[in-house]
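Quick notes on the structure that follows.
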Amino acid sequence: MSIKCAFLFPGQGSQAVGMGQDFFNNSDIAKQMVADATERTGIDFENLLFEENDKLEKTEFTQPAILLVSAIAHTLFENEMPIKPVYALGHSLGEFSALVAVGAIDAIDAVELVNLRGKLMAEACAGQDVGMMVSLGLEDKVVEEICDAQREAGLKVWPVNYNAEGQIVIAGVKSDLEVLAPVLKEAKAKRAMLLNMSVASHCPLLESATAPLSEKLTEMLKDEFIAPVISNVTAKGYSSKAEALDLLPKQLVSPVLYKQSIAAFDDSVDCYVEFGHGGVLKGLNRKATNKPHFVVSDMASLETAIEEISKLG
């Protein structure tokens with residue numbers, strides 16, 4: 001098949017109770033993956049994913065839950081349509097799902113890995129009232145200059161997620177973010193709003209998490225990439241364990257260059273396939289590309305994606 005697809009994977013913020021349930025109800029493969037992830041981590045994923053609970057919003061549970069659902073969606077798609085992507089790209093946590101999709105890490109190993117990653121991030125932020133804020137409607141440079149000026153004044157705020165044109169997420173200490181909000185609005189931001197996040201991702205506050213994450217990555221990653229993964233840190237592709245070991249610990253403390261990654265590689269693909277709940281990346285990509293974008297989040301959307309991609313090919 002000559003169709004050139006990019007495989008995309010969402011990060012934290014895409015979670016919701018009930019995600020993956022349709023896969024679980026209708027697929028023995030999905031049931032087995034949920035059971036294997038539960039056995040490996042001791043997390044009751046049926047409860048976490050399908051029943052109301054207060055754990056799904058905690059980063060050590062959010063991350064493995066999102067990765068597991070993305071991995072199930074991708075596995076079921078691959079079984080029906082075994083096409084190799086031109087590249088795989090994830091947003092933050094989604095970079096680990098992308099590694100699963102290209103064969104660089106086993107899915108259940110990755111569930112264990114990102115459970116640890118979530119714990120390490122929570123530990124790094126413990127005792128500090130941290131959070132994240134989205135800024136809408138300002139150019140990157142304006143937000144960067146405002147954050148630079150506030151850091152010079154002693155505040156802990158960093159631009160960390162370059163999501164789409166005019167949409168940047170800022171991480172830092174919550175009280176400092178609250179000081180930042182009116183400054184952003186004064187600069188004509190359409191919105192400056194705190195997000196429901198208990199960690200400050202992709203900034204120097206997570207430095208203590210990098211070494212233990214690196215250790216686990218060394219143990220679990222394989223030097224077997226069927227396609228490149230686009231690094232959140234560099235917006236460039238990598239396809240070896242050595243590069244992954246260099247880039248993934250840095251990813252914890254570096255901004256996510258999602259918008260830049262889509263811009264850099266859009267010309268090399270015919271369509272995007274997003275695996276996981278919510279279609280968050282489809283929303284971000286609206287401003288960046290006019291290529292077809294399919295979201296595989298349940299059995300119906302899986303069938304639709306396979307049908308429509310077959311037509312493109």
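A quick note: this is a predicted structure, and the numbers were derived from the prediction, not measured. Along the sequence shown, the residues carry numbers beginning at 1.
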Flag the pair [X] / [Y] as yes when at least one side-chain heavy-atom distance between them is below 4.5 Å, and no otherwise.
X	Y	value
Phe7	Ile83	yes
Asp148	Arg151	yes
Glu57	Ser198	no
Ile72	Ile29	no
Phe23	Met299	yes
Ser254	Asn232	no
Leu93	Thr62	no

Test log, rule side chain to side chain contact (heavy atoms under 4.5 Å, CB included), inputs Met19 and Ile66: CA-CA 9 Å; Met19 64 180 184; Ile66 291 169; 4.0 Å; yes
Verdict with supporting geometry, Phe50 and Val17, side chain to side chain contact (heavy atoms under 4.5 Å, CB included): CA-CA 6 Å; Phe50 310 141; Val17 171; 6.0 Å; no
Test salt bridge (Lys or Arg N to Asp or Glu O under 4.0 Å) applied to Glu219 and Lys216, step by step: CA-CA 5 Å; Glu219 181 190 314; Lys216 198 70 171 170; 3.4 Å; yes
Just how far is it from atom [atom1] of [X] to atom [atom2] of [Y], taken to the nearest 0.5 Å?
X	Y	atom1	atom2	answer
Lys241	Leu217	NZ	CG	9.0 Å
Leu49	Leu68	CG	CG	6.0 Å
Asp106	Glu224	CG	CD	11.0 Å

Lys/Arg N to Asp/Glu carboxylate O, Lys311 vs Glu308, below 4.0 Å: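 Salt bridge present between Lys311 and Glu308.
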Carboxylate-amine/guanidinium contact Lys119 Glu123, below 4.0 Å: no
Aromatic plane relationship, His91 with Tyr258 - under 30° parallel, 30 to 60° tilted, over 60° perpendicular: tilted
Asn115 and Thr41 side chains, donor-acceptor separation under 3.5 Å: no
Neighbour count above 12 (heavy atom, 6.0 Å) for Glu303 CD: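 Yes, because the 6.0 Å sphere around CD of Glu303 holds more than 12 heavy atoms from other groups.
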CD (Glu178) with more than 12 external heavy atoms under 6.0 Å: yes
With sequence neighbours excluded, residues passing side chain to side chain contact (heavy atoms under 4.5 Å, CB included) with Arg40: Ile108, Asp109, Glu112, Met220
